[in-house]
Amino acid sequence: THRLRYMLRVAETARLIKSKEQETRLAKEDWERTFNSISDRVTVLSPDLKVVRANLALVTALKKPWDQIIGCHCYQLFQDAVGPCPNCPIMQTIRTKAPVSSEQRYHHPAADCLVTGSLVTDQTGQILHVIHIARDLTEQKKLELECRHAQKMEAIGTLAGGIAHDFNNLLMVVSGCAQLMRNDTQATSEQKELADTVFE
């Protein structure tokens, strides 16, 4: 009976381990699906700015396989640079220990991006990872440009309408004066002829 109880305990432990492994696997798959569903380009960086993980949006934008992305420094990957960019929001995040966002022009893929950095730390405040999120502003900037153009055209239309209205008022004054001159019995033939040219 002792051996049987032992074997039952071993079997139960094995079942619990298998159950936990399945839970872990499902949680990992769920995390991967969530990570890859983010439309912004997300990279998880080591404290020395090497890419540890990258989501599907980034892989698709770069058109590179995972193995050419993982292990690269972010500044190499996005800028072909040998060191962090000037005013790098990721470096500022590391320095200030607070999330920082700024607009950056990236070479790969070529786009203006809103780049945000935030930290993942342990209980002692030690940096484990830096989260790098790049939001492509291309479409937003295109819409802003179209909006500014529409506003400019509206302003020109309003100005042109105002000028036309003022010009019309002046024409009415001129035509009124010309009509009075035509009807004036004391006007000379030359003056009447001049008034007639207004209505030609």
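Computation of the quantities below employed the complete heavy-atom set of this structure, encompassing side-chain atoms and omitting hydrogens, waters and symmetry-equivalent molecules.
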State yes or no: do [X] and [Y] share one hydrophobic cluster built from I, L, V, M, F, W and Y residues joined by side-chain heavy-atom distances below 4.5 Å, directly or via other members?
X: Leu77; Y: Ile133; answer: no
X: Ile69; Y: Val130; answer: yes
X: Ile131; Y: Ile90; answer: no
X: Ile127; Y: Leu49; answer: yes
X: Ile38; Y: Val44; answer: yes

Euclidean distance, [Y] [atom2] relative to [X] [atom1], rounded to 0.5 Å:
X: Cys85; Y: Tyr75; atom1: SG; atom2: OH; value: 10.0 Å
X: Phe35; Y: Arg53; atom1: CZ; atom2: CZ; value: 6.5 Å
X: His108; Y: Lys64; atom1: NE2; atom2: NZ; value: 6.5 Å
X: Asp40; Y: Arg135; atom1: CG; atom2: CZ; value: 4.0 Å
X: His132; Y: Cys88; atom1: NE2; atom2: SG; value: 7.0 Å
X: Lys142; Y: Cys147; atom1: NZ; atom2: SG; value: 14.0 Å

Check against side chain to side chain donor-acceptor pair (under 3.5 Å), Gln22 and Thr24: CA-CA 5 Å; Gln22 188 174 7; Thr24 302; over 6 Å; no
Salt bridge flag under 4.0 Å for residues Glu29 and Arg25: yes
Pair Glu12 + Arg15, salt bridge at N-O below 4.0 Å: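 Looking at Glu12 and Arg15, the cut-off is met.
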Donor on one side chain, acceptor on other, Ser102 and Gln104, under 3.5 Å: yes
Is there side-chain contact between [X] and [Y], with at least one heavy-atom pair below 4.5 Å?
X: Cys113; Y: Leu137; result: no
X: Ile70; Y: Val52; result: no
X: Lys152; Y: Arg148; result: no

Derivation and outcome, side chain to side chain contact (heavy atoms under 4.5 Å, CB included), residues His107 and Phe78: CA-CA 6 Å; His107 297 310; Phe78 301 124; over 6 Å; no
Greater than 12 external heavy atoms within 6.0 Å of Asn87's CG: no
Crowding at CD, Glu23 (>12 non-hydrogen neighbours, <6.0 Å):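 Count over threshold, so yes.
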Asp112 vs Glu103, side chain to side chain contact (heavy atoms under 4.5 Å, CB included): CA-CA, chis, key distance, verdict: CA-CA 7 Å; Asp112 290 314; Glu103 195 173 311; 4.2 Å; yes
Residue of the set Asp136, Asn55, Thr60 for which side-chain hydrogen bond (donor to acceptor under 3.5 Å, both in side chains) holds with Arg41: Asp136
Heavy-atom donor-acceptor pair, Gln76 side chain to Lys50 backbone, under 3.5 Å: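 Checking the backbone N and O of Lys50 against the side chain of Gln76, no donor-acceptor pair under 3.5 Å is found.
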Short side-chain to backbone donor-acceptor contact, Asp30 and Leu26, under 3.5 Å: no
Side chain to side chain contact (heavy atoms under 4.5 Å, CB included) evaluation trace for Val42 with Leu58: CA-CA 6 Å; Val42 184; Leu58 179 71; over 6 Å; no
Chi angles and distances behind the side chain to side chain contact (heavy atoms under 4.5 Å, CB included) call for Glu146, His149: CA-CA 5 Å; Glu146 287 173 1; His149 180 68; 5.6 Å; no
